[in-house]
There are 2 protein chains.
Amino acid sequence: MVNAIEWVEGKVIMLDQTRLPLEVKFIECADYRKVAEGIRKLWIRGAPAIGIAAAMGVALAAQDIRADHYDSFMNKIEPVFFELLSTRPTAVNIQWAIERIKRLLAEHRGEPVSTLKDLLIREARKILEEDIEINKAIGRWGAEFIEDGDTILTHCNAGSLATGGYGTATAPMRIAKEQGKLFQVIADETRPVLQGARLTAWELMQEGIPVTLITDNTAGALMQSGDIDLAIVGTDRTARNGDVANKIGTYTVAVLCKENKIPFYVAAPLSSIDFSLPSGEYIPIEERSPEEVTLVNGRCQIAPDGVNVRNIAFDVTPHKYVTALITEKGAFRPKDLKKLMKTNAETERFRFRP
Amino acid sequence: MVNAIEWVEGKVIMLDQTRLPLEVKFIECADYRKVAEGIRKLWIRGAPAIGIAAAMGVALAAQDIRADHYDSFMNKIEPVFFELLSTRPTAVNIQWAIERIKRLLAEHRGEPVSTLKDLLIREARKILEEDIEINKAIGRWGAEFIEDGDTILTHCNAGSLATGGYGTATAPMRIAKEQGKLFQVIADETRPVLQGARLTAWELMQEGIPVTLITDNTAGALMQSGDIDLAIVGTDRTARNGDVANKIGTYTVAVLCKENKIPFYVAAPLSSIDFSLPSGEYIPIEERSPEEVTLVNGRCQIAPDGVNVRNIAFDVTPHKYVTALITEKGAFRPKDLKKLMKTNAETERFRFRP
């Protein structure tokens, strides 16, 4: 399984996901601005992955900073934070990564600049490694909800390519497969950028997990015919009441699930839960260029010249549609999420089990 | 506004809708088998349009039949009925047209073959002209449900291109525009064949009706934000209890409408209501080739080689989601549809008005 992003010999190697599945091409970033470009242009996408990219972008930028002491270094790194934060607004992960880096740098106030530079590389790699461990934990908790014979619907790509590795929504699928469970996945293609068709279908085929591709329009009909047993999706940002922001169309899947009495699970690393937000209306929703809609894969025109387009990239699923959020500490009902804010939360008492 | 289909000097001229919106190309059919090919390959599509195509295909075939008398003519036309009926199973219109033609031929039993040949041409043209008049009536009844400031969601293409002209779901929009009402339309692109993006957006732009294109995933978010006031769609076949078969994704739109308390109207010529079927589960649902999904516009690959695909072309919206069906005799609630089976139905008493 190829990696979305890696730190190799002082450079950031990023898979260009816009070219999948027909071409596997890597982009070498020696400059943080190229990393920022990659985030904006979706060479790298997926909430955890762009958080890791932001951390690596900071580490890259730090290497080139000429500064004699801490304060001068901090002055020069500030605009890097700003540029990475301004790439994309919806996922909380860039914000989360930058804040983690700021706290780390504050803890090392006054230390030599060379130390700070090394620290930032180590922290970026640590964020990536922790991400994989978190995803595996999500996989273990989430696999409990997958039974033999199940058909799982997923939306967008919350797989290995969306993360440091292993995936969030796909993690329970991997673990269930290791456990010998027999199940299949339905991946909806997820227009406009087709992460389901180009990325999820590709990943799952490589993993040997049976997958069937459908258009976004088809999920409802499959639920009506009893062909879907559960849905598992990822999240770009979740409010503390369990309102979930995720790829556009997620709200639609959730409504269909409720109407058809199908459980709707959200694989949500704790880093994706923005406890500072009381509800989903505060989550910024990115809108992107019309060409993503009118020009499939950047080259196939499917609409009249000059047509008006509304390209909303994310939507918010109100918590009432969410059966449970599967975090690295266990699965929780939306109403119990805020209990995780307490440092000594007795999670065993309110975990959601099948 | 170009015509989907026309009878011109003994030939059927069919617009090749697979090439829209970038290319306006007509195909000349001198043989009914080419008409059948056009139906199967979606050069012509839309329930009323393919019914007209079937009638014209029969008329075409009839011209080439060498027969001395009625019975021999009927023997030779029978395989033509069969081939046209077997092109596509879901829309009722081909069946409806063939049955109408059979009844006409039965009424003219024993007449000269040259008379029968002329009759069939005249009947095909009559079906087309009546279709336009029916659509205008649907427009007049449906326009009552459009108010100033409304935003109307539509799905697939139930416009001029889907019919003999004027459209079904778009008919109320045309009339409302003539009445000077100020409204706009949201057209979802309607994967996999993109009738919304390629056909509806194109038609409405030509008509000067403000239209915005969205992906199928986006309708839910727009309903949540209060940006959609009503939905109007067409139908390929409706059962007598008001269960509506239409382009895949229609059921999803209907569920979203119900969840967001938005009225969901179906423009349904009486010819599209199959009173022989008690409910939607009896409507045959066509499935089509995977390439429609994996190869956008027949040339842009968006999925891995060899991926499994499920390409269901239609779905059934249970009547409970349907606010009203707008027919040429007025709008009716699903529960009142079957009253139309009575020849002296007092439609004034159970019409649905805004």
Side-chain angles (χ1 to χ4, degrees), chain A residues 20-22 155 186-192 194 197-198 201-202 205-206 210-222 224 227 247-256 258-260 285 290 293-294 296-297 299-312 314-316 318, chain B residues 20-22 155 186-192 194 197-198 201-202 205-206 210-222 224 227 247-256 258-260 285 290 293-294 296-297 299-312 314-316 318:
Chain A
L20 287 171
L22 302 182
H155 184 68
I186 307 279
D188 66 31
E189 64 177 4
T190 318
R191 275 279 284 160
L194 296 165
R198 298 185 304 103
W202 185 71
M205 285 170 78
Q206 302 212 335
V211 59
T212 299
L213 175 64
I214 60 167
T215 61
D216 304 317
N217 276 324
T218 306
L222 289 180
Q224 281 180 302
D227 286 317
K247 182 55 50 192
I248 190 79
T250 302
Y251 163 69
T252 298
V253 169
V255 170
L256 287 169
K258 176 164 172 255
E259 197 68 6
N260 288 277
I285 299 299
V293 175
T294 62
V296 173
N297 273 2
R299 65 179 186 282
C300 197
Q301 186 176 342
I302 55 98
D305 290 332
V307 68
N308 287 339
V309 173
R310 186 92 190 268
N311 183 17
I312 306 171
F314 299 91
D315 57 30
V316 177
Chain B
L20 288 172
L22 301 183
H155 184 66
I186 307 279
D188 66 30
E189 63 177 5
T190 317
R191 274 279 284 159
L194 297 164
R198 297 185 305 102
W202 185 71
M205 285 169 78
Q206 301 212 332
V211 59
T212 298
L213 176 64
I214 60 168
T215 61
D216 303 318
N217 277 324
T218 307
L222 289 180
Q224 280 181 302
D227 286 315
K247 183 54 51 191
I248 190 79
T250 302
Y251 163 69
T252 298
V253 170
V255 170
L256 286 170
K258 176 165 174 253
E259 196 69 8
N260 288 277
I285 299 299
V293 176
T294 61
V296 174
N297 273 2
R299 65 179 186 281
C300 196
Q301 186 176 341
I302 54 101
D305 290 334
V307 67
N308 288 337
V309 174
R310 186 92 189 268
N311 183 16
I312 307 171
F314 299 91
D315 58 31
V316 177

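No hydrogens, no waters, no symmetry mates; every other heavy atom, side chains included, goes into these values. Since the model is a prediction, treat every value here as computed from it, not as a measurement. A note on names: the letters A, B, ... follow the listed sequences, proteins ahead of strands, and every chain is numbered from 1.
Under a 3.5 Å cut-off, the side chain of A:Arg191 and the backbone N or O of A:Val293 do form a donor-acceptor pair. Here the side chain of B:Gln224 pairs a donor or acceptor atom with the backbone of A:Val316 at under 3.5 angstrom. Judged purely by atom type and a 3.5 angstrom limit, B:Arg310 has no side-chain atom pairing as donor or acceptor with the backbone of A:Ile214.
Residue B:Lys247: no heavy atom, backbone or side chain, is found under 4.5 Å from chain A. In this structure, chain A has a heavy atom under 4.5 Å from the side chain of B:Leu22, while its backbone stays farther away. For B:Gln301, the parts lying under 4.5 angstrom from a heavy atom of chain A are both the backbone and the side chain. For A:Leu194, the part lying under 4.5 angstrom from a heavy atom of chain B is the side chain only. Interface remark: A:Pro21 contributes side-chain atoms only to the contact with chain B (heavy atom separation under 4.5 Å). Looking at B:Ile302, both its backbone and its side chain come within 4.5 Å of chain A, counting heavy atoms on both sides. Contacts of B:Leu222 with chain A are made by side-chain atoms alone, with heavy-atom separations under 4.5 Å and no backbone atom involved.
Between chain B and the options A:Pro304, A:Cys300, A:Pro210, A:Ala221, heavy-atom pairs under 4.5 Å are most frequent for A:Pro304. The residue among B:Asp315, B:Asp305, B:Asn297 with the most heavy atom pairs within less than 4.5 Å of chain A is B:Asn297. Counting heavy-atom pairs closer than 4.5 Å to chain A, the top residue among B:Ala201, B:Ala187, B:Ala197, B:Ala219 is B:Ala197. The choice from B:Leu256, B:Val296, B:Val211 that makes the most heavy-atom pairs within less than 4.5 Å of chain A is B:Leu256. Chain A forms more heavy-atom pairs under 4.5 Å with one residue of B:Thr190, B:Asp216, B:Asp188, B:Val253 than with any other, namely B:Asp216. Among A:Gly306, A:Ala303, A:Pro318, the residue making the largest number of heavy-atom pairs under 4.5 Å with chain B is A:Ala303.
Note: A:Asp227 CG to A:Asn260 CG = 11.0 Å, rounded to the nearest 0.5 Å. Taken to the nearest 0.5 Å, the OG1 atom of A:Thr212 stands 12.5 Å off from the CG atom of B:Asn311.
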* To do: Decide side-chain contact (heavy atoms from CB on, under 4.5 Å) for A:Trp202 and A:Arg198; before the verdict, give the C-alpha distance in whole Å, the side-chain angles of both, and the deciding distance to 0.1 Å.
  => CA-CA 6 Å; A:Trp202 185 71; A:Arg198 298 185 304 103; over 6 Å; no
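Side chains of A:His155 and B:Asn217 form a contact here, defined as non-hydrogen atoms less than 4.5 Å apart.
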